[in-house]
Engineer: 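Handing you this structure, nothing more for now.
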There are 2 protein chains.
Amino acid sequence: MAQSDTVDRILDAAEELFAERGFSETSLRMITSKARVNLAAVNYHFGSKNALIHAVFGRFLTPFSATLGNAFDELEASCKGNPPTLNQTLWALTASAIRMPQRNERGISIFMRLLGLAYTQSQGHLRKFLEQEYSQPFGRFMGLLKEATPELSAVDRYWRIQFMLGATAFTMSSSDALRDILRNKLGVETTVQEIAARLVPFLAAGMQAHDTVLVPPADFKIPVA
Amino acid sequence: MAQSDTVDRILDAAEELFAERGFSETSLRMITSKARVNLAAVNYHFGSKNALIHAVFGRFLTPFSATLGNAFDELEASCKGNPPTLNQTLWALTASAIRMPQRNERGISIFMRLLGLAYTQSQGHLRKFLEQEYSQPFGRFMGLLKEATPELSAVDRYWRIQFMLGATAFTMSSSDALRDILRNKLGVETTVQEIAARLVPFLAAGMQAHDTVLVPPADFKIPVA
DNA sequence: ATGTGCGTCAAACGTATGTTTCAAACAGAC
DNA sequence: GTCTGTTTGAAACATACGTTTGACGCACAT
């Protein structure tokens, strides 16, 4: 019943509202009234709205990057010197995300949506915070991708990684809405696990595509690598 | 020197600022001062900020959807009854986007970034506007995709289309920044055409991936379709 | 010349935001 | 019980926002 109650209630409410509506579109008054907490509590406990945003990310990103590090350790150990394959690397990441202890059943959606927003919304302070706080696991993931796709040129790999990030961040950032559409249109229920299970093969196939350019329009200049 | 000047200056400034910073993060005062126009001009000419956002989209989406319609017409005519292939369909879309008359050299980047924002930011009014205004070309594109991938289940196709949209919108929406990084890191210059030439094979390969799930972690439940 | 309609302008409106203030309530140590 | 540092409470702060207002200037038809 000490501070923890207020702090956690604020973080819970903020997390949910940010995921629903974005950062600029969520006011402190929405957060504090959802958390049933006084308005001043946010600035008292966190200092500012931006610091609250950082705290929301830190709360799940710190344990996640630890989990991810362990997953990569296990993966590399089980490969005994050989570099992990692309599929293994992607699955290690995906499984780590999905296995994170959830505060509630929507935890994974919220997690993903927040990451997507972080990447998409141009909140400069957030990107800076994430870069200097979590560059290590990100760099390790990149290194594994490089080892898993030695046949790609650096430029090709760079762009394809961007494509993967895009497909993932974008899909996850609106996964709730997309699930709703699918339910109404085809009457199908979908879990985040199922989305991930469909996403990984898509990414792997794209990452390993042969670079042949098929049937471009006649007047469309194909650049040479 | 009539109204057109003011209206277009507002649209130009708004387009650029929206693409840079998003919708909520761009105030009317930023727009009008960049356009060197009186604050009240926006509400006078457009009625509201939301209507201005719609106008920005309409200005390039209306000619684009016409161009795209023609491209699809040509493509279907050249196929004489056979449905166009996935590659042909993707190239028709890509080439139409690239061939659009540009207001300046960054036109295509701005175009793509705005589309990405429209998809990502939870601006309800924008989504509604786009749906009721441009559902026809979008639906036609979806139909072509369906004919080009008859082997996919409806659910698989739905998700893979979302993945494609994500990779495209996301990459294009930050293509300026990504190009800068590539220039600084590898000393390589990149055009939007080159990005497209790399993106299309990636998308096509992902779209046609075999749905085999390789090397999932032992305790990761693979959902069955 | 004169009135009419359209576009511009500076100023203000009401509302909502993030943040600050300061008194009251509370905890635990002595 | 009293003191001390921490946490809450209601209220106000200054600022920024989208929008509205009414006066003003200017073209052009009468």
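Sequence lines set the chain letters: A, B, ... in the order given, protein chains first and strands last, and positions in each chain run from 1.
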Engineer: Closest nucleotide of DNA chain D for A/Tyr44 versus for B/Tyr44: which of these residues is on the 5' side?
Structural biologist: A/Tyr44

Engineer: Just jot down the ring-ring contact (aromatic ring centres under 6.0 Å, His included) partners of B/Phe111, sequence neighbours excluded, or say none.
Structural biologist: B/Phe60, B/Phe64

Engineer: Could you tell me how far apart B/Ile10 (CD1) and C/dG7 (C1') are, to the nearest whole angstrom?
Structural biologist: 11 Å

Engineer: Given C/dG7, is OP1 or OP2 found less than 4.0 Å from the side-chain N or O atoms of B/Thr6?
Structural biologist: no

Engineer: Of A/Asn50 and B/Val37, whose nearest nucleotide on DNA chain C comes first from the 5' end?
Structural biologist: B/Val37

Engineer: Find every protein N or O atom lying less than 3.5 Å from an N or O atom of nucleotides 13-18 of chain C, and list the pairs.
Structural biologist:
residue : atom : partner : partner atom : Å
C/dT17  : OP1  : A/Ser27 : OG           : 3.2
C/dG18  : OP1  : A/Lys49 : NZ           : 2.7
C/dG18  : OP2  : A/Leu28 : N            : 2.8
C/dG18  : N7   : A/Arg29 : NH1          : 2.9
C/dG18  : O6   : A/Arg29 : NH2          : 2.9

Engineer: Mind calculating the distance between NE2 (B/His45) and P (D/dT20) to the nearest angstrom?
Structural biologist: 15 Å

Engineer: How close or far is atom C1' of C/dT20 from atom CZ of A/Phe46, stated in whole angstroms?
Structural biologist: 18 Å

Engineer: ring-ring contact (aromatic ring centres under 6.0 Å, His included) with A/Tyr134: which residues, sequence neighbours excluded?
Structural biologist: none

Engineer: If you measure only the distance, is there a donor-acceptor pair under 3.5 Å linking the side chains of B/Ser24 and A/Glu25?
Structural biologist: yes

Engineer: Should the pair B/Asp12-B/Arg59 be classified as a salt bridge under the 4.0 Å nitrogen-to-oxygen rule?
Structural biologist: yes

Engineer: What is the distance, rounded to the nearest whole Å, between atom CG of B/Asn38 and atom P of C/dC9?
Structural biologist: 5 Å

Engineer: Between A/Arg198 and B/Arg160, is any pair of side-chain heavy atoms under 4.5 Å apart?
Structural biologist: no

Engineer: Please determine if B/Lys185 and B/Asp180 form a salt bridge, counting it only when a charged side-chain N lies under 4.0 Å from a carboxylate O.
Structural biologist: no

Engineer: When we call it a touch if two heavy atoms are under 4.0 Å apart, what does B/Ala41 touch: a base, just sugar-phosphate, or nothing?
Structural biologist: nothing

